[in-house]
Amino acid sequence: MSVLLIAGSPTERSRSAALLDAVAQRLQFRGVQSEKLLIRDLSPQALILADFGHPTISHAIGRVAHADVVVIATPVYKAAYSGVLKVFLDLLPQTGLQGKTVLPLATGGSPNHMLALDYALRPVLQSLGAKQILPGIYATDAQVAVTESGAYEVNADIGLRLDEAVDTLIREVLPAAKLHTKRFAPVHFSQVRCSV
């Protein structure tokens, strides 16, 4: 079972990345490891030109394909998710999220853009075949504040919502994923015995 955290922010340090880090910490605390994919680290030229053969692009698409759970975090710009996330999602195959559970996260300057998760991002995730899309979590700038040391800190309200989302993953999604990954060893026909 694998969990892939996709950071859809064009900047290195961001509030949306802080939400992803908070999810990663909560998963780790519960004994679940996760990997992070930073879209900003992919080749910009390969992204824009849809160069599927570029190593960073093919590797990133492969990581999505092998994940059971995908957590996507994005800042909201002009009432929609980030352009770099859009370009990356456009490169995924039409069934790129088939059979996967997705947890969408977003940050924005005000509560006015809260519905961007539902009217902009959710339809794209559905069109990519996501099996289950958990309720999204949207945080305003005030809910992911900058500390004196310059780090981002998630407030208690958002922390509780992240706890609930991770609990749902642990309780409902991850056990089912583990069942699907456990398979019996193949048995050759000559070894099959039956009694009447």
Side-chain angles (χ1 to χ4, degrees), residues 1-24 27 34-109 112-140 144 161-162 165-166 168-169 173-174 177:
M1 195 291 305
S2 65
V3 178
L4 182 64
L5 310 174
I6 299 179
S9 176
T11 59
E12 183 177 357
R13 293 179 58 238
S14 67
R15 286 178 168 84
S16 58
L19 288 182
L20 269 187
D21 290 341
V23 169
L27 287 169
S34 61
E35 295 181 9
K36 191 179 282 188
L37 171 62
L38 307 173
I39 295 175
R40 69 179 307 279
D41 288 348
L42 303 178
S43 166
Q45 183 174 0
L47 273 172
I48 296 297
L49 298 177
D51 182 358
F52 294 95
H54 192 279
T56 63
I57 302 301
S58 59
H59 181 67
I61 292 172
R63 290 176 70 188
V64 173
H66 288 99
D68 297 305
V69 174
V70 177
V71 182
I72 297 177
T74 179
V76 173
Y77 298 124
K78 295 181 175 56
Y81 55 97
S82 74
V84 294
L85 179 59
K86 168 69 171 150
V87 172
F88 179 70
L89 292 176
D90 285 348
L91 295 179
L92 293 178
Q94 191 60 43
T95 57
L97 295 176
Q98 188 170 1
K100 300 179 192 319
T101 296
V102 181
L103 170 61
L105 310 172
T107 57
N112 298 335
H113 299 298
M114 182 183 305
L115 293 178
L117 280 171
D118 289 329
Y119 70 74
L121 187 56
R122 183 175 290 270
V124 174
L125 301 175
Q126 287 173 329
S127 74
L128 290 170
K131 176 180 77 174
Q132 179 182 14
I133 304 172
L134 298 180
I137 298 173
Y138 178 87
T140 63
V144 186
R161 294 184 62 205
L162 292 173
V166 170
T168 299
L169 287 175
V173 178
L174 299 181

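In this chain, numbering begins with 1 at the start of the sequence shown.
Contact between Ala18 and Val144 at its shortest, heavy atoms only, is CB-CG1, 3.9 Å. Scanning all heavy atoms of the two residues, the minimum distance from Pro75 to Pro10 falls at CG-CD, 4.3 Å. Taking every heavy atom of both residues into account, Lys36 and Arg63 meet most closely at O-NH2, 2.8 Å. Residues Val84 and Gly8 approach most closely at CG2-O, 3.3 Å, considering heavy atoms. Considering all non-hydrogen atoms of both residues, Ala22 and Leu162 come closest at CB-CD1, 3.6 Å. The nearest pair of heavy atoms linking Thr140 to Gly109 is CB-O, 4.5 Å.
Leu134 has its side chain within reach of Leu169: a pair of non-hydrogen atoms, C-beta onward, lies under 4.5 Å apart. Contact check for Ser9 versus Arg40: no side-chain heavy atoms found under the 4.5 Å cut-off. Residues Val102 and Val71 have side chains not in contact (no heavy-atom distance under 4.5 Å, counting atoms from C-beta outward).
For the pairing with Ile72, the side chain to side chain contact (heavy atoms under 4.5 Å, CB included) check across Leu103, Leu117, Leu125 returns one residue only, Leu125. The side chain to side chain contact (heavy atoms under 4.5 Å, CB included) with Ser16 is formed by just one residue from the set Thr107, Val76, Leu85; it is Thr107.
Partners of Thr95 by side chain to side chain donor-acceptor pair (under 3.5 Å), not counting sequence neighbours: none found. The side chain to side chain donor-acceptor pair (under 3.5 Å) search around His59 returns none, not counting sequence neighbours.
One distance of note links CD1 of Ile6 with CG of Leu38; it measures 10.5 Å at 0.5 Å rounding. Here the OH atom belonging to Tyr77 is positioned 6.5 Å from the OG atom belonging to Ser82, to the nearest 0.5 angstrom. In this structure, the separation between CG on Asp90 and CG on Leu92 is 8.5 Å, given to the nearest 0.5 Å. We find the CG-NE2 distance between Leu49 and His54 to be 10.0 Å, quoted to the nearest 0.5 Å. Rounding to the nearest 0.5 Å gives a distance of 11.5 Å between CG of Leu115 and CZ of Arg122.
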